[in-house]
Amino acid sequence: MTEKKIITDSGIEIKPVYCEPVSMKELPGNFPFTRGVHASMYRDRMWTMRQYAGFSTAEESNKRYHYLLSQGVMGLSVAFDLPTQIGYDSDHAMSEGEVGKVGVAIDSIEDMEILFAGIKLEDISTSMTINATGFILLAFYIALAKKQGANIRKISGTIQNDILKEYAARGTYIYPPAPSMRLITDIFEYCSKEVPKWNTISISGYHIREAGSTAVQELAFTLANGKAYLEAALEKGLDINVFAQRLSFFFNAHNHLFEEVAKFRAARRMWAHITQSLGATDPKAQMLRFHTQTGGSTLTAQQPRNNIVRVTLQALGAVLGGTQSLHTNGYDEALSLPTEEAATIALRTQQIIAFESGATDTPDPLAGSFFVEELTNEVEDAAWKLMDKIDAMGGAVKAIEQGFIQEEIARSAYAYNKAIEDKSKTIVGVNKFTSKEAEATPVFRIDDSIRVVQSEKLKALRAKRNNEKATACLRLIKEKASTAENLMPFVIDAVENLCTLGEISDTLRAIWGEYQG
């Protein structure tokens, strides 16, 4: 009888039994941090429980934030609509049909003020999923904090600000790679001096995985992008022991519990060696800290309540893997934006794992498992091989420009979907254990009237502001874009003088052009 072979989506064969002895000399909190970045991990402090939310207008999103905070959320995570992500005001022709649909519409500092009404920015950590226009949203946030009377040296949070994965996997880029990298390093430099508690980038494997990569590819491509950001900052003359402390990562959690735990453990070990090889000597600059979101692409429209179980397994994998922050998806997100009920169940999933499961009682509870330790090594080895190929091409930017990373992701996505179609991979409720009866699931929709509301706000803002000052601010940004000066102070000045997101984006479009991928 032929022995059945079991292979993960990353191509790693799972042995029938693991019984090699494992040496466990490494302790949590010690280099290379395989077992966690803190010695006591969740025994002293739980991960930050975030719920990603943003829809419609700033007023509507603000109501959801207050609800989530009342239910025990420990940090906010803001989703922006597509026009905001690609630098168009809501009244621009390109924004039609998209305003407020996949996130909140933010056109000016006035929208940002409404978004956080009744929330003191000095008292809460905020994560913003924004990339091409990340520098403008960060400027809005800093300007609002100053307006609230906050000490900006005390405000904390994360801006995604990861443009390389946009070129490789997601597509919400504006400018070509060189000026985009300049904006990112400007943020590194500005925040290291002025907003030292802010995490200046969240290097994202999440969207790489959502585009169809394997766990190994997610790890390799994300760390390759991270290495490119380190090298760009070093070329600018920044101190790796300072700026690397404010870099964080954003990973996906999928259904294969053990491979996901192995991925997170391998990621910490690899990043510690990458930063060390580039000159980092401070342990805090060598630590990989990460946010996790459960896998949106794993959610099924068929039998959607099954997604509660999937999200629970994925969240458990993130916790066992040592995440610093976690968002759990609503079970209905394959159908619509999450309803309030679905968002509450998602948050309660985290709280039950935290306070009832025992998974938080000791750091790295799966350490020493023959299976997990060997799988960690195998995931790491496979990821290094991919990174070596990228290095041979000249790094992540060159690999993206040559289409290597995009082609690798596309190949894996095709193989995954083919396996579902031919039923060699089981998806419960989709290609096996199906039901003819459709479940009635409430859905949450946004109507197109939001664009009218936002357009009226913009009209009023432009009528009341000092347009001479606003024009002067935009002119100064245009002038400084052709120099090596840091743009952040000029962008902050512009938003404080009521320049809009679209106006600032268009000013730089006129200088740098748009990337044609």
Trainee: Is E260 paired with K263 through a side-chain N to carboxylate O contact shorter than 4.0 Å?
Mentor: yes

Trainee: Within the supplied structure, the quantity of interest is the number of heavy atoms (other residues, nucleotides, ligands) at a distance under 6.0 Å from E96 CD; does it exceed 12?
Mentor: no

Trainee: For T344 and Q71, does a side-chain donor sit closer than 3.5 Å to a side-chain acceptor?
Mentor: no

Trainee: Determine all donor-acceptor pairs shorter than 3.5 Å in which one atom belongs to a side chain in residues 106-114; sequence neighbours excluded.
Mentor:
| unit_1 | atom_1 | unit_2 | atom_2 | d |
| --- | --- | --- | --- | --- |
| D107 | OD1 | S90 | N | 3.0 |
| D107 | OD1 | S90 | OG | 3.3 |
| D107 | OD2 | S90 | OG | 2.8 |
| D107 | OD2 | Q454 | NE2 | 3.0 |
| S108 | OG | E110 | N | 3.2 |
| E110 | OE2 | K464 | NZ | 2.4 |
| D111 | OD1 | K457 | NZ | 3.3 |
| D111 | OD2 | D107 | N | 2.8 |
| D111 | OD2 | Q454 | NE2 | 3.1 |
| E113 | OE1 | K147 | NZ | 3.0 |

Trainee: Which heavy-atom pair separates A301 from A334 by the least distance, and what is that distance?
Mentor: N-CB, 3.6 Å

Trainee: Against H291, only a single residue in W47, F250, F249 fulfils ring pair (Phe, Tyr, Trp, His ring centres under 6.0 Å); can you say which?
Mentor: F250

Trainee: State whether a side-chain donor-acceptor pair under 3.5 Å links E218 with S213.
Mentor: no

Trainee: Looking just at side-chain N and O atoms, do D9 and T214 make a donor-acceptor pair shorter than 3.5 Å?
Mentor: no

Trainee: Under a plain distance cut-off of 3.5 Å, with no hydrogens placed, do T300 and R310 share a side-chain donor-acceptor pair?
Mentor: yes

Trainee: If you look only at pairs with a residue in residues 331-354, which of them pass as a ring-ring contact (aromatic ring centres under 6.0 Å, His included), with sequence neighbours excluded?
Mentor: none

Trainee: For K459, enumerate each residue passing the salt bridge (Lys or Arg N to Asp or Glu O under 4.0 Å) test, keeping only those at least two apart in sequence or located in another chain.
Mentor: none

Trainee: Sequence neighbours left out, what passes ring pair (Phe, Tyr, Trp, His ring centres under 6.0 Å) with Y141? Give chain and number order.
Mentor: F116, W198

Trainee: Could you verify whether a donor N or O on one side chain and an acceptor N or O on the other, from K165 and N131, lie under 3.5 Å apart?
Mentor: yes

Trainee: In terms of side-chain geometry, is the basic nitrogen of R462 or D91 positioned less than 4.0 Å from the acidic oxygen of its partner?
Mentor: yes

Trainee: List in chain and number order the residues that pass side chain to side chain contact (heavy atoms under 4.5 Å, CB included) with S357, two or more places apart in sequence or in another chain; answer none if no residue qualifies.
Mentor: I353, A359

Trainee: Salt-bridged, K418 to E421, with N to O below 4.0 Å?
Mentor: no

Trainee: Are E496 and K146 close enough for a salt bridge, meaning some N to O gap below 4.0 Å?
Mentor: yes

Trainee: Using 30° and 60° as the class boundaries, would you call the ring planes of Y175 and F135 parallel, tilted or perpendicular?
Mentor: tilted

Trainee: Going through the checks in order, is the ring-ring contact (aromatic ring centres under 6.0 Å, His included) test met by F251 and Y206?
Mentor: CA-CA 5 Å; F251 286 116; Y206 184 84; over 10 Å; no

Trainee: Will you find, in the side chains of S125 and R50, an N or O donor that is under 3.5 Å from an N or O acceptor?
Mentor: yes

Trainee: Of the options T48, T312, T328, which is the one that meets Q350 in a side chain to side chain donor-acceptor pair (under 3.5 Å)?
Mentor: T328

Trainee: Can you tell me how the ring of Y515 sits relative to the ring of Y173, calling it parallel under 30°, perpendicular over 60° and tilted otherwise?
Mentor: perpendicular

Trainee: Who passes ring pair (Phe, Tyr, Trp, His ring centres under 6.0 Å) against H92, sequence neighbours left out?
Mentor: Y88

Trainee: Between N306 and G429 (side chain of the first, backbone of the second, donor and acceptor by atom type, cut-off under 3.5 Å), is there such a pair?
Mentor: no

Trainee: Side chains of Y167 and S180: is there a donor and an acceptor less than 3.5 Å apart?
Mentor: yes

Trainee: Got a sec: does the CD of E341 have more than 12 other heavy atoms crowding it under 6.0 Å?
Mentor: no

